[in-house]
Amino acid sequence: MAAIQFSIGLAAAIGGITFDTTGIGGIFVAAAAIQILAALLVKVSFSMFARERGRPA
């Protein structure tokens, strides 16, 4: 439970700092970067899973 609360607080702090330094445009850029990183993580995870199972990715 403490880890979840910490991550929520940390995300709010980072979001506030991003907004203060770059404005609303920075929030959208950061969100886009996070989304791209998440998509890459999914792709790599599925590729590793397929390779482990002996199937083509």
Side-chain angles (χ1 to χ4, degrees):
M1 187 66 170
I4 294 170
Q5 290 177 336
F6 177 75
S7 64
I8 291 170
L10 184 63
I14 291 172
I17 292 169
T18 303
F19 182 76
D20 286 343
T21 57
T22 61
I24 193 69
I27 296 294
F28 285 110
V29 170
I34 290 169
Q35 187 173 8
I36 289 169
L37 288 174
L40 290 173
L41 179 64
V42 168
K43 173 65 176 153
V44 169
S45 297
F46 276 109
S47 294
M48 290 173 64
F49 178 76
R51 189 177 324 130
E52 183 72 24
R53 297 292 182 206
R55 299 180 196 146

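Residue numbers run from 1 in the order of the sequence given.
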K.L.:
Pair up each side-chain donor or acceptor in residues 19-41 with any protein partner under 3.5 Å, not counting sequence neighbours, and list the distances.
P.N.:
unit_1 : atom_1 : unit_2 : atom_2 : d
T21    : OG1    : I17    : O      : 3.0
T21    : OG1    : T18    : O      : 3.3
T22    : OG1    : T18    : O      : 2.7

K.L.:
Is V44 isolated, or which residues cluster with it under the ILVMFWY side-chain rule of less than 4.5 Å, directly or via members?
P.N.:
M48

K.L.:
Output side-chain donor-acceptor pairs under 3.5 Å for residues 3-13, partner residues at least two apart or in another chain, one line each.
P.N.:
unit_1 : atom_1 : unit_2 : atom_2 : d
S7     : OG     : A3     : O      : 3.3
S7     : OG     : I4     : O      : 2.8

